Chemist: 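First, the structure itself, so that you have it in front of you.
Both backbone and side-chain heavy atoms feed into the values below; hydrogens, waters and symmetry mates do not. Because the structure is a prediction, the values reported are computed rather than measured.
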Amino acid sequence: MSRLPFRSRKDIRPVAPDEVGGDETRAHVAGAASAAAADVAPPPAVEPDPTAAAFFDVDNTMMMGASLFWFARGLAARKYFSTRDMAGFVWQQAKFRIGGNEGNPDDMLTIRENALAFVAGRPVSEIVQASEEIYDELMADRIWAGTRALAQQHLDNGQRVWLVTATPVELASIIAHRLGLTGALGTVAEVVDGTYTGRLVGELMHGPAKAEAVLALAEREGLDLSRCTAYSDSANDLPMLSLTGTAVAVNPDTELRAVAKARGWTIRDFRTGRKAAKIGIPTVGAAALTGGLVGGAIALRRREKLPW
């Protein structure tokens, strides 16, 4: 498969700690950074509808399982860390998620500080190349055909389509381009001199940060959010789903299904019992996975003093 032309982005540095006052501010910074980093594809070949667009969550909405899980698995295969340690990270975070501790401020601070630290010191171009390979190896066959068809309907109507995901924006953009979509809003990592520092710009692209990113992109691109559509499987994305004129619950979790029924939103479920069973732990929430995979990788590095 042909490679996506790599376009290096400008150095991105986060807001100074004393300028960031809380979760809402971090979400705003993350949203603005994600919108600024989003590629914009040429208008569709059909008659364009410039003020309408669609926004798709990725994990269990556009693809089976969590993109961060497959990303980490691909990096483990490339010796960034071991598959055995990765399995331990995921299991630990599955218990963390199920135990309901995601809201613990200390835990979430650790997630923010550790997220993407395992790419610290790596050139952006290296991670982009690895991401292209990992998508082809582990993700391409896990795209939900039904959700992809929904995205194509928007493209056929002249509307632009963005992915909105906690996955690093570089990987998110590759997924979007592989699917023929307009672009992606993802988690933005700080880059200095073309190299990752391992720190985030603002916040993970999760929950309120997704809504902030969509708002920033809508302002930049002149979108009328009342004419836009948002798709997700998770109640964590209610801030984004509530922004647009139309919201669709795709493969919804229990809470989102209840909200969708109460609000009269369309529900589309492309799962079968067998597929749902096979997905298992990789469907753990993106924020928890990020903290577990990365936190475990950092612990491994510190314990074994690995050179990467």
Chemist: Could you label the plane-to-plane angle of the His154 and Phe56 rings as parallel, tilted or perpendicular, counting under 30° as parallel and over 60° as perpendicular?
Modeler: perpendicular
Chemist: Taking only residues two or more places apart in sequence, or in another chain, which ones meet Thr246 in a side-chain contact (heavy atoms from CB on, under 4.5 Å)?
Modeler: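 Listed in chain order: Thr229, Val248.
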Chemist: Are Leu150 and Phe270 close enough, and set up right, to give a side chain to side chain contact (heavy atoms under 4.5 Å, CB included), and what steps lead you there?
Modeler: CA-CA 12 Å; Leu150 292 174; Phe270 302 115; 4.0 Å; yes
Chemist: How long is the span from the CD atom in Glu221 to the CZ atom in Arg160, to the nearest 0.5 Å?
Modeler: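 Going from the CD atom of Glu221 to the CZ atom of Arg160 covers 4.5 Å.
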Chemist: Taking Arg227 for its side chain and Gly245 for its backbone only, find out whether a donor-acceptor pair lies under 3.5 Å.
Modeler: no
Chemist: Quick one, Arg178 with Glu132, criterion side chain to side chain contact (heavy atoms under 4.5 Å, CB included). Give me CA distance, side-chain angles, the key distance, then yes/no.
Modeler: CA-CA 9 Å; Arg178 287 285 198 268; Glu132 290 174 341; 3.8 Å; yes
Chemist: Below 4.5 Å, heavy atoms only, C-beta onward: do Trp144 and Val250 meet side chain to side chain?
Modeler: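 Contact flag for Trp144/Val250 side chains = no.
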Chemist: For the residue pair Arg142 and Trp70, what are the closest heavy atoms and their distance?
Modeler: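 For Arg142 versus Trp70, the nearest heavy atoms are NE-CZ2, 3.1 Å.
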Chemist: Return the set of residues passing side chain to side chain donor-acceptor pair (under 3.5 Å) with Ser242 (not counting sequence neighbours), or none when no residue passes.
Modeler: Arg263
Chemist: Given 3.5 Å as the limit, does a donor-acceptor pair link the side chain of Thr165 with the main chain of Gly186, or not?
Modeler: no
Chemist: Between Asn157 and Asp49, does a side chain to side chain contact (heavy atoms under 4.5 Å, CB included) hold up when you go through it step by step?
Modeler: CA-CA 7 Å; Asn157 289 328; Asp49 186 352; 5.9 Å; no
Chemist: Write down the atom of Thr147, the atom of Thr61, and the distance for their closest heavy-atom approach.
Modeler: OG1-O, 2.7 Å
Chemist: Identify the heavy atoms of Met240 and Asp57 that sit nearest to each other, and give their distance.
Modeler: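 The pair with the smallest heavy-atom distance is CE-N, 4.4 Å.
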Chemist: Tell me every residue that passes side chain to side chain donor-acceptor pair (under 3.5 Å) with Asn251, counting only those two or more places apart in sequence or in another chain.
Modeler: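 Partners of Asn251 under the side chain to side chain donor-acceptor pair (under 3.5 Å) test: none.
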Chemist: Give me the atom names and distance for the closest heavy-atom approach of Tyr196 to Pro123.
Modeler: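 Reported closest heavy-atom pair: CE1-O, 4.2 Å.
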Chemist: Are any of the side-chain heavy atoms of Trp162 and Leu217 separated by less than 4.5 Å?
Modeler: yes
Chemist: Measure the OG-CG distance between Ser232 and Asp59 for me, rounded to the nearest 0.5 Å.
Modeler: 9.0 Å
Chemist: Please test Met139 against Ile134 for side chain to side chain contact (heavy atoms under 4.5 Å, CB included), starting from the C-alpha separation and ending with a verdict.
Modeler: CA-CA 7 Å; Met139 299 182 182; Ile134 290 168; 4.2 Å; yes
Chemist: Can you sort out the partners of Ala176 under side-chain contact (heavy atoms from CB on, under 4.5 Å), two or more places apart, ordered by chain and number?
Modeler: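 Per chain and number, Ala176 pairs via side-chain contact (heavy atoms from CB on, under 4.5 Å) with Leu163, Leu181, Ala184.
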Chemist: Is a side-chain N or O of Asn236 found less than 3.5 angstrom from the main chain of Gly207, in a donor-acceptor match?
Modeler: no
Chemist: Apply side-chain contact (heavy atoms from CB on, under 4.5 Å) to Leu243 and list each qualifying residue two or more places apart in sequence or on a separate chain.
Modeler: Ala211, Val214, Leu215
Chemist: Under the 4.5 Å side-chain heavy-atom rule for ILVMFWY, direct or indirect, which residues accompany Leu256?
Modeler: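 Members alongside Leu256: Leu238, Leu241, Val259, Trp265.
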Chemist: Nearest 0.5 Å, please: how far is CZ in Arg271 from CG in Asp233?
Modeler: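 The CZ atom of Arg271 is 7.5 Å from CG of Asp233, to the nearest 0.5 Å.
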Chemist: With Arg268, which residues qualify under side chain to side chain donor-acceptor pair (under 3.5 Å), at least two apart?
Modeler: none
Chemist: For a quick test of reading the model, state the closest non-hydrogen atom pair linking Val128 to Ile174 and the distance between them.
Modeler: O-CD1, 3.5 Å
Chemist: For the pair Arg199 (side chain) and Ala120 (backbone), establish whether a donor and an acceptor sit closer than 3.5 Å, ignoring hydrogens and angles.
Modeler: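 Side chain of Arg199 to backbone of Ala120: no pair is present.
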Chemist: Partners of Glu137 by salt bridge (Lys or Arg N to Asp or Glu O under 4.0 Å), sequence neighbours excluded?
Modeler: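 Residues passing salt bridge (Lys or Arg N to Asp or Glu O under 4.0 Å) with Glu137: Arg78.
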Chemist: How far apart are the closest heavy atoms of Lys210 and Ala166, and which atoms are they?
Modeler: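 Where Lys210 meets Ala166 most closely, the heavy atoms are CE-N, 4.4 Å.
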Chemist: I'd like to check the side-chain contact (heavy atoms from CB on, under 4.5 Å) partners of Gln152; sequence neighbours left out, ordered by chain and number.
Modeler: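 Partners of Gln152 under the side-chain contact (heavy atoms from CB on, under 4.5 Å) test: Arg148, Leu155, Asp156.
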Chemist: Taking the side chain as everything from C-beta on, heavy atoms only, tell me whether Ile127 gets closer than 4.5 Å to Glu170.
Modeler: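 They are not in side-chain contact.
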Chemist: Considering only heavy atoms from C-beta outward, does the side chain of Met205 approach that of Val169 to under 4.5 Å?
Modeler: no
Chemist: Tell me whether the centres of the aromatic rings in His177 and Tyr135 are closer together than 6.0 Å.
Modeler: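 When the ring centroids of His177 and Tyr135 are compared, they turn out to be at least 6.0 Å apart.
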Chemist: Donor-acceptor pair, distance only, cut-off 3.5 Å: does the side chain of Asp253 make one with the backbone of Ala235?
Modeler: yes
Chemist: Could you work out, with side chain to side chain donor-acceptor pair (under 3.5 Å) as the rule, every residue matching Glu126, not counting sequence neighbours?
Modeler: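 For Glu126, the residues satisfying side chain to side chain donor-acceptor pair (under 3.5 Å) (neighbours in sequence not counted) are Tyr80, Arg122.
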